[in-house]
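Have a look at the structure below, then the notes.
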Protein chains: 2
Amino acid sequence: MTTSRSTQSVRAVTLERPTPTAARDAIADGLDRKALVTVFGRCTVDYDGRASSQLAAGDRHVMLKPDGAALVHTDEGQQPVNWQPPGCAHDVFCEPASGEGDSEESEEADADGADSPADPDTATNTATLVLESTRSTPEERLLVRFQDVLQVSTFAGTDEGELTLSGTEADLRDRILDDPDLLESGFTPLATERDTPAGAIDIYGEDDAGRTVVVELKRRRVGPDAVSQLRRYVDALERDLHAEATLRGILVAPSVTDRAQRLLGAHGLEFVSLEPTGPD
Amino acid sequence: MTTSRSTQSVRAVTLERPTPTAARDAIADGLDRKALVTVFGRCTVDYDGRASSQLAAGDRHVMLKPDGAALVHTDEGQQPVNWQPPGCAHDVFCEPASGEGDSEESEEADADGADSPADPDTATNTATLVLESTRSTPEERLLVRFQDVLQVSTFAGTDEGELTLSGTEADLRDRILDDPDLLESGFTPLATERDTPAGAIDIYGEDDAGRTVVVELKRRRVGPDAVSQLRRYVDALERDLHAEATLRGILVAPSVTDRAQRLLGAHGLEFVSLEPTGPD
DNA sequence: TTGTAAATGTCGGCT
DNA sequence: AGCCGACGTTTACAA
């Protein structure tokens, strides 16, 4: 068990191969201090809420964030194998032992029961560490049971840094608004996010000949879904304006798939190739 | 600086407040051993690829997975602020110093240059730790520069556990295939994933009266996009079969939004309320 | 709280 | 490697 202190305050505390109760106390302390908590060890994971899942024992990295998010990572994949969104309440406690006879029903009672029979504090060897993250709306629960804890860490940090991102759909939109001729010579944007009964049109405008133009933007190569989306807006606007013949729908993206191309043709929609960021 | 060993092998190694070069060596060793590597400390992050982003200095948790995935987490949010997908090559090295005059152009040359002038090994105080994860198709690069490293850990584990998940669209499909009357009395499923020029139909079948039925399934409450999808399949099948009048399209989901409901009505499509898992 | 669509979406299945 | 759609999608924004 070692701790590390910066010159200002405790910023990282790490326990290696702690007992379940030592792990529990360190984690509880970390959560209290609004620190980011990580636990690495052998565990099972159960989730129940929008769906439900079970995960057999394996070595995983668990992260509990002060905003209530929880992440369970295996050694593979970008996505966590299990998780809980921000807004959850984290709880940590020890259970007497993770025998096979441990009934599901006993969990709930133990979760907040301060007076469990034979307090786990006195049976550290057989006690198992449990992490629980819950929320309502929707009701969801994540339960991580550790057979073995290799490491517990708590991190207290500050992060004021803002992310700047470019190459988004907003950039593509701004590019066209800055220079409407990029879409087509004589195009005039009249509104963005113009609402229809079917949703909001990215760019609403007029062409050279005064025809109404519905523009749908995508930052990357598109498939059939984007064509359907454009068609939906054009349809809705036609119904709304009772102006069938003069409406044009243009999909703007770097490229389209074959099937999307055919769907565009089948519905009299157009395509303009444009990327979110221009050549510098 | 401490290490922890299990009875079988080194499973977790942790350094606290290491020098940049010690951190570099531990991380390089961890990557070599196909371990999961975590680094916590103050860093800046730059990404360039499908989009591009910059993130000013802050305290973050970085995870490098043996499959090539990289994750940068702040203390908020379920999603990483920056990341790199599996399949990337991770690299770790030290740079002479992170002065403001450090030009972007110099990075690439330093990344793999074994013979940098004044090897950073001898200037640990001013050297900065850098993590780099790159891939091709598409060309993408993530660069994490640490001003301060609070902790480096490497974890070697095993994970054979499989995730079982229920409450998915596949469960909803199986529920209907098991008991087609759940959709409507007299419904007969004929195929799943039936292909059309617009995509694959979830369930293709016939109703009581022998009319063709296109069924689109959603595991949760749906909006306009699902209606568009169903419409797309019905349209395509009508064109394919030249059988306009006898086609029915049914959206199956727990519920629909108002707008989706109106779109269904506008296009003569139907809705059946059903959840992926039935009452037990 | 709910609706709507973007996302460096990611992931899996299939061609 | 590209296409296609599901996902416990998550996230941001508007009503």
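Basis for what follows: all heavy atoms, side chains included, without hydrogens, waters or symmetry-related copies. Numbers restart at 1 for each chain; the letters A, B, ... are given by sequence-line order, proteins then strands. Quantities reported herein were computed from a predicted structural model and do not represent experimental measurements.
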Below 4.0 Å: OP1/OP2 of [N] and any side-chain N or O of [X]:
| X | N | answer |
| --- | --- | --- |
| B:W83 | C:dG9 | no |
| A:T257 | D:dC4 | yes |
| A:R259 | D:dC4 | yes |
| A:S53 | D:dG8 | no |
| B:R219 | D:dT9 | yes |

Whole angstroms only, please: what is the [atom1]-[atom2] distance between [X] and [N]?
| X | N | atom1 | atom2 | result |
| --- | --- | --- | --- | --- |
| A:L263 | D:dC4 | CG | P | 9 Å |
| A:D258 | C:dT15 | CG | P | 17 Å |
| A:R173 | C:dA5 | CZ | C1' | 13 Å |
| B:L163 | D:dT9 | CG | P | 14 Å |
| A:L71 | D:dG8 | CG | C1' | 14 Å |
| A:L165 | D:dT11 | CG | C1' | 13 Å |
| A:D225 | C:dA5 | CG | C1' | 11 Å |
| B:Q79 | C:dT10 | CD | C1' | 9 Å |

Out of [options], which nucleotide sits closest to the side chain of [X]?
| X | options | answer |
| --- | --- | --- |
| A:D202 | D:dC7, C:dT8, C:dA6 | C:dA6 |
| A:P85 | D:dG8, C:dA5, C:dT8 | D:dG8 |
| B:R50 | D:dC4, C:dA7, C:dT10 | C:dT10 |
| B:Y233 | D:dG8, D:dG5, C:dA6 | D:dG5 |
| A:R220 | C:dA7, C:dG9, C:dG3 | C:dG9 |

Carefully, step by step, assess A:E140 and A:Y47 under the rule side-chain hydrogen bond (donor to acceptor under 3.5 Å, both in side chains). CA-CA 8 Å; A:E140 284 187 303; A:Y47 160 76; 2.5 Å; yes

When B:A51 and A:P197 are each assigned the nearest nucleotide of DNA chain C, the 5'-most assignment goes to A:P197

Find which nucleotide of DNA chain D each of B:Q78 and B:A170 is nearest to by heavy atoms, and output the residue with the more 5' nucleotide.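 Taking each residue's closest nucleotide, the earlier one in sequence belongs to B:A170.
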
Assign each of A:S52 and B:T137 to its nearest nucleotide of DNA chain D by heavy atoms, then name whichever residue's nucleotide is nearer the 5' end. B:T137

Name the nucleic acid region contacted by [X], choosing base, sugar-phosphate or nothing; use a 4.0 angstrom heavy-atom cut-off, strictly under.
| X | result |
| --- | --- |
| A:E216 | sugar-phosphate |
| B:A226 | nothing |
| B:P138 | nothing |
| B:G199 | sugar-phosphate |
| A:R232 | sugar-phosphate |
| A:A198 | sugar-phosphate |
| A:G77 | sugar-phosphate |
| B:R221 | sugar-phosphate |

List the steps, then state whether salt bridge (Lys or Arg N to Asp or Glu O under 4.0 Å) holds for B:K65 with A:E76. CA-CA 7 Å; B:K65 292 196 179 189; A:E76 287 186 335; over 6 Å; no

Sticking with atom [atom1], work out how far [N] lies from [M], rounded to a whole angstrom.
| N | M | atom1 | result |
| --- | --- | --- | --- |
| C:dT8 | D:dC4 | P | 22 Å |
| C:dT4 | D:dG8 | P | 22 Å |
| C:dA5 | D:dC7 | C1' | 16 Å |

Using only modelled atom types and a 3.5 angstrom limit, is any donor from either the side chain of B:Q229 or the base of D:dG5 paired with an acceptor on the other?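 No, the side chain and the base share no sub-3.5 Å donor-acceptor pair.
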
I'd like to know if A:N82 reaches the base of D:dG8 with its side chain, counting only an N/O donor and acceptor under 3.5 Å. yes

Any heavy-atom pair between the side chains of A:E184 and A:R248 that's under 4.5 Å?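 Yes; the side chains approach each other to less than 4.5 Å.
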
Applying side chain to side chain contact (heavy atoms under 4.5 Å, CB included) between A:V45 and each of A:L142, A:L143, A:L131, A:T74, report the one that passes.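 Checked A:L142, A:L143, A:L131, A:T74 against A:V45; only one passes side chain to side chain contact (heavy atoms under 4.5 Å, CB included): A:L142.
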
Hey, is A:D48 close enough to A:R141 for a salt bridge, meaning N to O under 4.0 Å? no

Going by distance alone, is a donor N or O of one side chain under 3.5 Å from an acceptor N or O of the other, for A:D171 and A:T168?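 Note: A:D171 and A:T168 side chains meet the donor-acceptor criterion.
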
I'd like to know if the side chain of B:S53 pairs up with that of B:N82 as donor and acceptor (distance under 3.5 Å, no hydrogens or angles considered). yes

Determine the interplanar angle of the A:H61 and A:F40 rings, folded into 0 to 90°, and report it as parallel if under 30°, tilted if 30 to 60°, perpendicular if over 60°. tilted

